[in-house]
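Taking it in order: structure first as structure tokens, then the write-up.
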Amino acid sequence: MPYDHKEIEPKWQKRWEESHAGEVREDPSKKGDALYHLVMFPYPSGEGLHVGHVESYTGLDIVTRMARMNGQHILFPMGFDAFGLPAENYAIKTGVHPAETTKRAIENFTRQMKSVGFSFDWSRALSTSDPEYYKWTQWIFLQFFKNGLAYKKKAPVNWCESCKTVLANEQVIDGACERCHHAVAQKDLEQWFFNITKYVEQLLGGLDDLDWPESLKTMQRNWIGKSEGAEINFAVCRPDTNIRVFTTRPDTLFGATYLILAPEHELVDAIVTDDFRAKVEAYKVQASKKSALERSEMQKEKTGVFTGAFALNPATEEKIPIWIADYVLSTYGTGAIMAVPAHDERDREFAEVYHLSIKDIVPEENEFGTKKTTYRLRDWLVSRQRYWGAPIPVVYDPEGKAHPVGEEHLPLLLPIDVDFRPEGESPLALSESYRQLAENLYGEGWRFEVDTMDTFVDSSWYFLRYCDPSNATMFAGHDKLDYWCPVDVYVGGVEHAVLHLLYARFFCYALHDLGHLNFTEPFLKLRNQGMILGPDGQKMSKSRGNVINPDDVVADFGADTLRMYEMFMGPFEDDKPWDTNGILGVRRFLDKVWRLAEQVKHQRPDVKKIERELHKTIKKVSEDTAAMKFNTAISQMMIFVNHATAKGIGLGELSTFIQLLAPYAPHLAEEIWKMLGQTGSVFESPWPMFDEALAQDEKIQMPVQVNGKVRTTLEVASDITEEEALLLAQADENVKKYLGLGEVKKVIFVKGRLLNLVV
Ligand code: ANZ
């Protein structure tokens with residue numbers, strides 16, 4: 001009889017909930033065993049939980065459950081990254097307030113996660129859209145503002161002239177507005193920034209000691225993009241000014257035959273001659289329609305226009321023309337380059353298109369210019385002209401000067417009387433109550449900032465809040481932070497390799513400098529789960545119709561099967577396609593375990609039947625689980641269950657096996673644990689120990705005969721296969737001698753006894 005997951009699973013989930021199973025408190029006596037395990041919290045989308053979420057959470061749930069049985073005291077929390085554009089877009093379409101959709105989505109996610117049996121500390125669940133949470137997001141903003149880490153300046157944004165609104169990058173499709181298909185242009189608006197570049201060297205250096213995948217560290221290093229070179233001054237012939245360029249190859253200065261400025265460079269207007277002004281203006285408009293990515297694409301044909309102006313090459317003292325071209329970015333280096341077409345591929349392409357001089361030179365050291373290090377990393381633009389985010393706690397006086405909102409006024413609540421349909425400015429600008437509140441608190445003519453914060457701000461510090469989620473006087477108490485932080489193991493998707501992880505690291509460096517944290521690096525060890533693809537091997541998507549809903553799998557096969565199947569699909573960090581037959585196989589395995597339990601539950605007296613196999617299994621499951629090699633741990637459990645089915649198993653032995661199975665299939669394990677007469681929850685029992693001697697493969701002396709005469713004796717594993725024995729025998733010097741050049745005509749292999757070769 002298969003077991004009834006529909007009865008067993010909800011029953012244990014209810015008990016865990018009633019006994020507050022995943023909850024932990026700071027206990028000084030357990031400080032030495034305290035660990036912090038974290039999974040990236042989800043955006044509560046209306047689509048519900050994805051099998052990819054299940055993969056990530058199951059992996060760390062298994063490690064956590066095993067470590068707890070090993071006596072570790074572990075914080076393993078869950079929450080919701082609840083602000084963001086999808087809820088707002090849905091509201092624009094349907095009129096349902098984002099707070100309402102978000103609440104429903106969180107309830108659904110919570111139900112789904114509970115139905116899969118994750119051992120989170122639900123008492124610490126938080127949502128970033130909750131005023132109790134964003135009060136502290138705003139508070140941190142204020143600390144940054146007061147300490148020069150948050151500032152305002154003009155920056156280009158995606159602007160749709162037809163909708164009169166700013167668009168997020170995701171809303172720009174092929175250069176056009178997602179809603180009205182009007183061409184999107186770049187427009188300069190006042191924006192808030194965080195000064196992340198202040199920490200650029202620390203963010204680079206800090207990576208070295210982290211236990212993160214090397215590929216991910218490389219992605220962060222490339223994103224930061226440190227580059228060493230020189231800045232060289234070029235005198236402009238007329239008007240009297242200088243153009244500074246950044247180059248990584250000052251040794252090629254003698255080959256610099258023209259200069260190029262980014263179209264947005266501040267000197268363009270000053271140097272352009274009247275004859276060329278119209279062309280230059282037209283080119284600037286054209287460039288403003290392209291994204292930085294499009295502009296720096298290598299394969300794109302280079303375009304540009306001459307400004308009519310010339311500069312002097314300081315090394316050759318030759319007059320060289322000054323052009324503008326959009327492959328030079330205003331945001332990198334100095335926004336101006338010296339073009340060396342003989343040595344730089346892009347410069348050569350450009351020179352060929354516009355018939356500019358290409359001068360072949362032998363690179364040589366020169367003392368023009370000064371050493372300079374540049375970084376690709378820019379300061380973080382955090383303001384959004386959106387509704388569903390944390391309001392920026394800044395108030396402007398009647399002269400327009402920005403002031404921090406008083407901390408006593410936090411949380412600065414997101415007003416409800418808004419029309420969140422984008423109509424040219426931030427939705428908060430249209431809130432009457434928001435306008436009134438500013439005047440009531442600060443006086444006539446005072447206005448709150450109407451932009452909200454990028455949701456990456458919310459997720460940059462959520463792991464700190466988990467340590468002390470209901471603290472009303474601080475984002476988290478020092479004692480609590482000291483107890484749990486930093487995070488020992490962090491698991492999540494590789495799509496967060498750069499932004500989220502970099503921003504969270506920046507927050508910790510900054511909060512550390514402001515005296516609020518006593519550590520800098522938040523995530524000591526990090527692992528990425530691979531992507532679960534649809535049964536067709538493609539990325540799961542609604543439009544392809546290849547999405548697997550975890551609810552269906554839980555209903556049809558049970559949560560334990562879902563968990564184990566996802567861990568069995570392949571190495572945790574690999575991408576792998578869904579396979580319905582694989583689920584059936586895992587379910588059959590669990591049914592076999594159930595049958596073993598039915599067989600031995602009344603076994604008296606207890607016996608030992610497969611002691612060696614058991615110790616081997618304890619060793620393998622313990623080591624592989626700790627190393628997050630879940631698929632091979634499961635294979636070993638399957639091998640063990642086959643042995644047990646064939647040879648029989650003692651009640652004590654099965655109980656031990658159930659302890660190993662428990663982190664993987666917690667519901668079934670609890671049920672069987674009880675059925676076998678064990679007391680308490682299986683998760684309160686200590687993780688099994690193994691005997692190293694027993695865990696070794698059993699060795700036997702195997703005689704090897706050639707034509708019926710013993711020629712050698714080999715020490716081999718008792719379960720050695722015929723192929724392995726043959727290979728070992730043929731490698732033996734003595735056997736080789738007697739085999740001579742003769743061909744082995746026949747092999748007689750008696751498993752665990754002898755090998756006879758007939759020539
Ligand atoms: C002359 C030269 C000669 C260069 C040569 C390269 C090779 P990385 O390594 O990425 O830092 N550059 C500088 N500022 C730029 C900008 N704002 N937009 C586009 N390109 C820019 O690249 C630095 C090199 O990229 C610089 O060195 C400059 O070209 C170009 F044989 O100067 B080089």
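Keep in mind that the numbers below use all heavy atoms, side chains included, and drop hydrogens, waters and symmetry copies. In each ligand, atom 1 is the first atom listed, and ligand 1 is the first ligand listed. A quick note: this is a predicted structure, and the numbers were derived from the prediction, not measured.
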Check your understanding: Given that the side chain starts at C-beta and the backbone is N, CA, C, O, which of these parts of Val328 lies under 4.0 Å from ligand 1, counting heavy atoms, or is it both or neither?
Key -> both
Review point. Tell me, do Tyr36 and Cys485 make a side-chain contact under 4.5 Å, heavy atoms counted?
Key: yes
Check your understanding: Considering distance alone, does some N or O of Thr252 sit under 3.5 Å from an N or O of ligand 1?
Key -> no
Exercise for review: Looking only at protein heavy atoms, identify the closest one to atom 24 (C) of ligand 1 and say how far it is in Å.
Suggested key: Thr248 OG1, 3.8 Å
Review point. Would one find an N or O of Thr374, backbone or side chain, under 3.5 Å from an N or O of ligand 1?
Key: no
**Study point:** Backbone or side-chain N or O of His343 under 3.5 Å from ligand 1 N or O
**Key:** no
Review point. So which protein heavy atom does atom 1 (C) of ligand 1 come closest to, and at what separation?
Key: Thr247 OG1, 3.1 Å
Review point. Within the structure, does Asp347 bring an N/O atom to less than 3.5 angstrom of an N/O atom in ligand 1?
Key: no
**Study point:** Protein contact to atom 25 (O) of ligand 1 [nearest heavy atom, distance to 0.1 Å]
**Key:** Arg346 NH2, 3.6 Å
Check your understanding: Do Met628 and Glu573 touch side chain to side chain, with heavy atoms closer than 4.5 Å?
Key -> no
Review point. Do ligand 1 and Arg376 have nitrogen or oxygen atoms that lie under 3.5 Å from each other?
Key: yes
Revision key, fill the gap. the protein heavy atom lying closest to atom 29 (O) of ligand 1 turns out to be Asp344 OD2, 4.2 Å
Check your understanding: In the protein, which heavy atom is nearest to atom 5 (C) of ligand 1, and how far is it?
Key -> Arg249 CG, 3.6 Å
Review point. Using a distance-only test with no angle check, is there a side-chain donor-acceptor pair under 3.5 angstrom linking Thr197 and Asn195?
Key: yes
**Study point:** Side-chain ion pair, Glu201 and Lys226, N-O less than 4.0 Å
**Key:** yes
Practice item. Write out the residue and atom name of the closest protein heavy atom to atom 28 (C) of ligand 1, then the distance separating them to 0.1 Å. Key: Phe246 O, 3.8 Å
Review point. Is there a donor in the side chain of Asp513 and an acceptor in the side chain of Tyr199, or the other way round, less than 3.5 Å apart?
Key: yes
Review point. Will you find, in the side chains of Ser383 and Gln191, an N or O donor that is under 3.5 Å from an N or O acceptor?
Key: yes
Practice item. For Arg447, check salt bridge (Lys or Arg N to Asp or Glu O under 4.0 Å) against everything at least two apart and list the hits. Key: Glu439
Exercise for review: Evaluate the side-chain proximity of Thr128 to Ser459: yes if any heavy-atom separation is below 4.5 Å, no if none is.
Suggested key: no
**Study point:** ligand 1 contact by Ser227, heavy-atom criterion under 4.0 angstrom
**Key:** yes
Practice item. Measure the distance from atom 19 (C) of ligand 1 to every protein heavy atom, then report the residue, atom name and distance (to 0.1 Å) of the closest one. Key: Tyr327 O, 3.4 Å
Review point. If hydrogens are left out, which of Ile337, Leu329, Val245 has an atom nearest to atom 14 (N) of ligand 1, that is, the closest non-hydrogen atom?
Key: Ile337
Practice item. Hey, can you tell me if Phe145 and Phe141 have their rings parallel, tilted or perpendicular (30° and 60° cut-offs)? Key: tilted
Exercise for review: Give a yes or no on whether a salt bridge exists between Asp269 and Arg277, defined as a side-chain N under 4.0 angstrom from a carboxylate O.
Suggested key: no
